[in-house]
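Worksheet: one structure, shown below.
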Amino acid sequence: MNPEEKQLRYDKAYLRMAREWAKLSHCVRKQVGAILVKDKVIISDGYNGTPTGFSNVCENEEGQTFWYVLHAEANAITKLARTGNAAQNATLYITLSPCRDCAKLILQSGITRLVFQEKYRDEEGLEFLQGAKINIVQIEDLD
């Protein structure tokens, strides 16, 4: 197996893990999962949801997401702050491409590679990261 095939095999496996992690989310509209990998080791994970200590309800009666709901990648990145680890040169695997705000967190945290499955409706986050020379890979088919 050549190095590109091996990397694709691992990328798909980590994306499948992120997809499983997304199932932990209590959000109704969209469940998103994230896995952070550095030096072939998972260093953090996250899914979209409310902050610690809040009710697990993510949307109001009209189906609109509450402003304080954290995105999966934000949860994974901020979890690193609690553990003392760093995302420098890590790869972020996420089921949905990042929004503009999360794209800023990704860049500032030192993540150098992003692998995602589905595109978010607003692609400005991806465009921002492309402009910042982050290595971005989309893998839609995980079979």
Side-chain angles (χ1 to χ4, degrees), residues 4-143:
E4 292 84 21
E5 291 172 326
K6 187 175 182 179
Q7 183 63 58
L8 180 60
R9 183 176 179 213
Y10 277 93
D11 287 346
K12 287 183 175 186
Y14 286 127
L15 272 178
R16 284 192 295 271
M17 292 171 89
R19 197 166 59 186
E20 284 300 310
W21 212 245
K23 293 176 184 177
L24 295 172
S25 172
H26 293 275
C27 295
V28 175
R29 274 188 17 171
K30 193 71 152 169
Q31 294 180 313
V32 182
I35 303 288
L36 261 170
V37 176
K38 182 176 178 180
D39 300 325
K40 300 179 183 176
V41 175
I42 296 172
I43 59 170
S44 191
D45 52 54
Y47 53 87
N48 57 323
T50 58
T52 304
F54 280 67
S55 162
N56 284 325
V57 177
C58 297
E59 297 93 0
N60 63 21
E61 286 116 23
E62 290 84 41
Q64 298 166 325
T65 303
F66 292 120
W67 67 268
Y68 51 82
V69 169
L70 293 162
H71 290 184
E73 58 272 52
N75 264 327
I77 291 168
T78 57
K79 188 184 281 188
L80 286 176
R82 289 196 313 262
T83 63
N85 286 320
Q88 190 67 38
N89 297 317
T91 298
L92 174 64
Y93 293 89
I94 189 158
T95 58
L96 186 67
S97 65
C99 70
R100 294 176 292 178
D101 288 331
C102 289
K104 292 183 287 186
L105 289 175
I106 290 166
L107 179 64
Q108 286 300 99
S109 68
I111 292 168
T112 54
R113 188 164 181 262
L114 171 72
V115 181
F116 72 97
Q117 188 174 15
E118 294 176 47
K119 280 189 179 177
Y120 182 59
R121 67 182 184 279
D122 178 356
E123 295 184 28
E124 284 187 279
L126 278 179
E127 293 165 7
F128 172 79
L129 292 174
Q130 288 168 339
K133 306 294 188 237
I134 300 295
N135 180 1
I136 300 172
V137 177
Q138 180 179 14
I139 303 174
E140 295 178 82
D141 181 20
L142 299 183
D143 297 328

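Positions are given from 1, in the same order as the sequence printed here.
- For Ala132, the side-chain contact (heavy atoms from CB on, under 4.5 Å) test picks out Leu107, Ile134, with sequence neighbours left out.
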Audit row: Leu15, Val115, side-chain contact (heavy atoms from CB on, under 4.5 Å) steps and yes/no
CA-CA 8 Å; Leu15 272 178; Val115 181; 3.7 Å; yes
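- At a threshold of 4.5 Å between non-hydrogen side-chain atoms, the residues Leu8 and Ile139 count as touching.
- Here the side chains of Leu24 and Gln31 are not in contact, with every heavy-atom distance at 4.5 Å or above.
- When all heavy atoms of Ala76 and Ser44 are compared, the pair lying nearest together is O-OG, 2.7 Å.
- In this structure, a donor-acceptor pair under 3.5 Å is present between the side chains of Asp11 and Tyr93.
- No donor-acceptor distance shorter than 3.5 angstrom exists from the side chain of Thr50 to the backbone of Cys58, with no hydrogens or angles considered.
- With contacts defined as side-chain heavy-atom distances shorter than 4.5 Å, the pair Ile111/Ile77 qualifies.
- With hydrogens and angles disregarded, no donor-acceptor distance shorter than 3.5 Å links the side chain of Lys38 to the backbone of Asn89.
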Could you go step by step and tell me if Lys30 and Glu118 meet the side-chain contact (heavy atoms from CB on, under 4.5 Å) rule?
-> CA-CA 12 Å; Lys30 193 71 152 169; Glu118 294 176 47; 3.3 Å; yes
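- For Asp39, the CG atom counts as loosely surrounded, since its 6.0 Å shell holds 12 or fewer non-hydrogen atoms of other residues, nucleotides or ligands.
- If you run side chain to side chain contact (heavy atoms under 4.5 Å, CB included) between Phe116 and each of Leu126, Val137, Val32, only Leu126 comes through.
- Here CD of Gln88 is found 11.5 Å from CG of Leu80. Values are rounded to the nearest 0.5 Å.
- For the salt bridge (charged side-chain N to carboxylate O under 4.0 Å, His left out) test with Arg100, the passing option among Glu124, Glu127, Glu123 is Glu124; the others fail.
- Taking each heavy atom of Cys27 and Ser25 in turn, the nearest pair found is N-OG, 3.1 Å.
- Between the side chain of Glu59 and the backbone N or O of Val28, at least one donor-acceptor pair lies under 3.5 Å.
- One finds the OG atom of Ser97 at 8.0 Å from the CG atom of Leu114 (value rounded to the nearest 0.5 Å).
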Under the side-chain contact (heavy atoms from CB on, under 4.5 Å) criterion, do Thr65 and Arg29 qualify, and how do the steps go? CA-CA 8 Å; Thr65 303; Arg29 274 188 17 171; 3.7 Å; yes
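- Taking the six-membered ring where the residue is Trp, Tyr14 and Tyr10 present tilted rings, their angle falling between 30° and 60°.
- Listed here is the closest heavy atom pair of Leu142 and Arg16: O-NH1, 2.5 Å.
- Looking at every heavy atom in both residues, Ile43 comes nearest to Ala87 through CD1-CA, 4.3 Å.
- Residues Cys102 and Glu73 share a closest heavy-atom pair of CB-OE2, 3.2 Å.
- Counting heavy atoms of neighbouring residues, nucleotides and ligands inside a 6.0 Å radius, atom CD of Glu62 exceeds 12 of them.
- Within the 4.5 Å cutoff, the side chain of Tyr120 has heavy atoms near those of the Cys99 side chain.
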Report the C-alpha distance between Asn48 and Leu70 in whole Å, list the side-chain angles of each, state the deciding distance to 0.1 Å, and finish with yes or no for side-chain contact (heavy atoms from CB on, under 4.5 Å).
CA-CA 5 Å; Asn48 57 323; Leu70 293 162; over 6 Å; no
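- With rounding to the nearest 0.5 Å, the separation of CG in Leu96 from NE2 in His71 is 9.0 Å.
- Side-chain contact check for Gln7 versus Arg9: every heavy-atom pair is 4.5 Å or farther apart.
- Tyr47 has its side chain out of reach of Asn75: every pair of non-hydrogen atoms, C-beta onward, lies at least 4.5 Å apart.
- Between Ala34 and Leu92 the shortest heavy-atom distance is CB-CD1, 4.0 Å.
- The shortest side-chain heavy-atom distance between Thr91 and Asn135 does not fall under the 4.5 Å cut-off.
- Of the inter-residue distances, the one linking Gln117 atom CD with Arg19 atom CZ reads 5.5 Å to the nearest 0.5 angstrom.
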